[in-house]
Amino acid sequence: MADARRLLAIETSCDETAAAVVSEDLRVVSSVIRSQVATHAKFGGVMPELASREHAVHIVSVIDSALAQAEASPEGLEAIAVTQGPGLVGCLAVGIATAKALALAWGLPLVAVNHLEGHFHSVELESTTVEYPAVILLVSGGHTILAHAPRLGVYELLGATRDDSVGEAFDKVARELGLGYPGGPAVDRLAAEGRDVLGLPRPMREGMDFSFSGLKTAMRREIAAGAASKADLAASFAASCVDVLCEKLGKAVAAYDPKSVVVVGGVAASPILRARLQEQFGPSLILPSLKYATDNAAMIGAAGWTTYRARGATTGDLGPMPNLRFAA
Ligand code: KG4
Ligand code: ZN
């Protein structure tokens with residue numbers, strides 16, 4: 001049998017310069033991620049201008065490494081998939097310009113990928129198949145979205161955050177607790193050592209939208225009061241976030257009776273959230289493995305293959321779409 005066809009995927013929407021080679025059966029042949037954490041840590045958040053400059057410096061060597069690790073040559077590739085949005089405009093532009101140049105030089109078709117669809121398809125990189133209808137909870141640094149997918153490629157928005165995303169709230173709380181940047185994983189680790197003693201608010205119980213800014217303010221008050229340990233503060237915060245996320249996801253599951261419950265994005269790397277989801281949603285739950293929960297190019301490859309098979313190559317002029325949406 002001939003080798004499975006492969007594509008090169010490129011991701012530069014935020015502060016990770018990433019490239020991957022993914023085969024048509026969604027096997028990750030190589031995945032390279034160059035994090036910019038060291039550059040942005042001293043600012044406590046991503047500096048967009050610096051991020052695009054770093055992408056420009058490192059994109060070619062990251063792609064070279066991904067091709068070398070896959071022992072792939074341009075002639076062996078079927079297409080190039082690249083993140084079109086959402087994300088930081090200057091960062092997206094670097095990935096897109098690079099993908100266009102390579103596609104022109106190598107005579108390959110281009111496939112534009114929505115970063116959020118990339119997160120959704122991250123679960124398929126390890127032989128898992130999403131069954132439809134599906135309910136999707138996407139929890140990342142930039143987004144908190146609840147959606148219903150009646151079939152492949154169709155997404156209906158059920159709810160979204162009205163202010164901060166849950167990942168952003170984790171990062172801000174980390175900063176208040178002096179845990180540095182990026183803080184989500186640090187808060188999560190600390191939370192495992194504490195107990196939910198504070199009884200923080202569970203914001204926005206009604207409906208399927210989210211709001212995390214009130215919770216962040218309540219946390220700020222508790223931190224200033226100085227009565228609770230850092231571990232208990234982190235545990236109380238995480239418990240409130242997990243309760244809210246699982247309650248809303250539970251509502252969507254009750255309303256749509258999905259075959260798959262898919263939870264993706266950076267915050268889906270949280271062991272606390274994963275344990276609770278497993279308990280509540282059991283066998284229909286699908287999570288990405290930890291290495292594909294946070295930003296990477298392999299997930300862009302998975303979404304790229306899905307798009308390429310369904311609609312073929314992206315035609316016409318392709319430019320960054322910083323506000324591209326996941327679901328209408
Ligand atoms: O999906 P992602 O890598 O980037 C975006 O597309 O935004 O998500 C990054 C977010 C950050 O806010 C980070 O703090 C959070 O995911 N995160 C976590 C964990 N790992 C990453 N939050 C809680 N627990 C974790 N273990
Ligand atoms: Zn992301």
Side-chain angles (χ1 to χ4, degrees), residues 9-18 20 31 33-37 40-41 44-46 48 51 83-88 91-92 95 113-123 136-145 160-161 164-177 179-194 210 212 215-216 219 234-235 237-242 244-246 262-277 287-303 322-326:
I10 298 172
E11 153 65 38
T12 61
S13 66
C14 190
D15 60 344
E16 255 94 35
T17 314
S31 174
I33 303 171
R34 184 192 176 278
S35 162
Q36 300 179 3
V37 164
H40 303 292
V46 177
T83 305
Q84 185 176 27
L88 300 167
C91 294
L92 294 164
V113 173
N114 181 321
H115 178 86
L116 304 175
E117 258 187 283
H119 274 299
F120 173 51
H121 286 287
S122 67
V123 297
I136 307 162
L137 175 66
L138 194 154
V139 278
S140 72
H143 296 85
T144 305
I145 291 172
T161 185
D164 292 350
S165 73
V166 62
E168 211 174 343
F170 264 85
D171 292 335
K172 287 180 180 168
V173 163
R175 202 178 312 160
E176 303 267 336
L177 289 172
L179 299 175
Y181 165 85
V187 171
D188 201 59
R189 273 194 300 276
L190 196 58
E193 295 161 21
F210 303 87
F212 292 100
L215 179 59
K216 195 183 60 190
M219 272 298 284
F237 170 75
S240 173
C241 291
V242 166
V244 171
L245 293 173
C246 291
V262 182
V263 182
V264 292
V267 182
S270 158
I272 298 174
L273 177 61
R274 291 170 86 93
R276 170 69 182 279
L277 288 166
L287 292 166
S289 67
L290 292 182
K291 62 176 182 282
Y292 300 129
T294 47
D295 285 352
N296 64 87
M299 69 185 197
I300 302 303
N323 300 315
L324 193 61
R325 289 167 64 91
F326 177 57

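In listed order, ligands and their atoms are each counted from 1. The basis for the numbers below is simple: all heavy atoms, side chains too, and nothing from hydrogens, waters or symmetry mates.
For His115, every heavy-atom contact with ligand 1 shorter than 4.0 Å involves the side chain, none the backbone.
Closest protein heavy atom to atom 14 (O) of ligand 1: Asp171 OD1, 2.6 Å. Scanning the protein for heavy atoms near atom 3 (O) of ligand 1, the closest one is Asp295 N, 2.9 Å. The protein non-hydrogen atom at the shortest distance from atom 9 (C) of ligand 1 is Gly141 N, 3.6 Å.
Under a cut-off of 6.0 angstrom, the local environment of CZ in Arg34 is crowded, with over 12 non-hydrogen atoms contributed by other residues, nucleotides or ligands.
Not one N, O or S atom of His143 sits under 2.8 Å from the Zn ion (ligand 2).
The N, O or S atom of Asp295 lying closest to the Zn ion (ligand 2) is OD1.
Ring orientation note: the planes of His115 and His119 are nearly perpendicular, at an angle over 60° on the 30°/60° scale.
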* Candidate pair Leu324 and Leu116, rule side-chain contact (heavy atoms from CB on, under 4.5 Å), full reasoning -> CA-CA 9 Å; Leu324 193 61; Leu116 304 175; over 6 Å; no
* To do: May I have the step-by-step check of side-chain contact (heavy atoms from CB on, under 4.5 Å) for Leu92 and Thr83, ending in yes or no?
  => CA-CA 7 Å; Leu92 294 164; Thr83 305; 3.9 Å; yes
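Expressed to the nearest 10°, the angle at the Zn ion (ligand 2) joining NE2 in His115 with NE2 in His119 is 100°.
Within the structure, ligand 1 has His119 among the residues with a heavy atom less than 4.0 angstrom away. In this structure, Arg189 has no heavy atom closer than 4.0 Å to ligand 1. Not close to ligand 1: Cys14, with no non-hydrogen atom less than 4.0 angstrom away. Ligand 1 has no atom lying under 4.0 Å from any heavy atom of Pro182.
Interface of Gly142 with ligand 1, defined as ligand atoms under 4.0 Å from a residue heavy atom, comprises 7 (O). Atoms of ligand 1 lying under 4.0 Å from any heavy atom of Thr294, numbered from 1 in the order shown and given with element: 3 (O), 21 (C). If you number the atoms of ligand 1 from 1 as listed, the ones under 4.0 Å from a heavy atom of Gly167 come out as 12 (O). Below 4.0 Å from some heavy atom of Asp188 lie the following atoms of ligand 1, by number and element: 24 (N), 26 (N).
Counting only distance, with no hydrogens or angles, the side chain of Ser165 and the backbone of Gly141 share a donor-acceptor pair below 3.5 Å. Side-chain N or O atoms of Thr12 include none that pairs as donor or acceptor with a backbone N or O of Thr17 at under 3.5 Å.
Looking at Pro86 and Asn114, their side chains come closer than 4.5 Å, going by heavy atoms from C-beta outward. In this structure, Leu290 and Arg274 have side chains that are in contact, with non-hydrogen atoms separated by less than 4.5 Å. With contacts defined as side-chain heavy-atom distances shorter than 4.5 Å, the pair Ile136/Ile145 does not qualify.
Under the side-chain contact (heavy atoms from CB on, under 4.5 Å) test applied with Val263, the options Leu138, Val123, Val139 reduce to a single match, Val139.
The shortest N or O to N or O distance between Gly266 and ligand 1 is below 3.5 Å. Inclusion of Gly183 in the set of residues having an N or O under 3.5 Å from an N or O of ligand 1 is not warranted.
Looking at Gly184, Ala269, Pro271, Ala293, it is Gly184 that brings a heavy atom closest to atom 22 (N) of ligand 1.
Heavy-atom minimum distance, Asp295 versus Glu16: CB-OE1, 3.5 Å.
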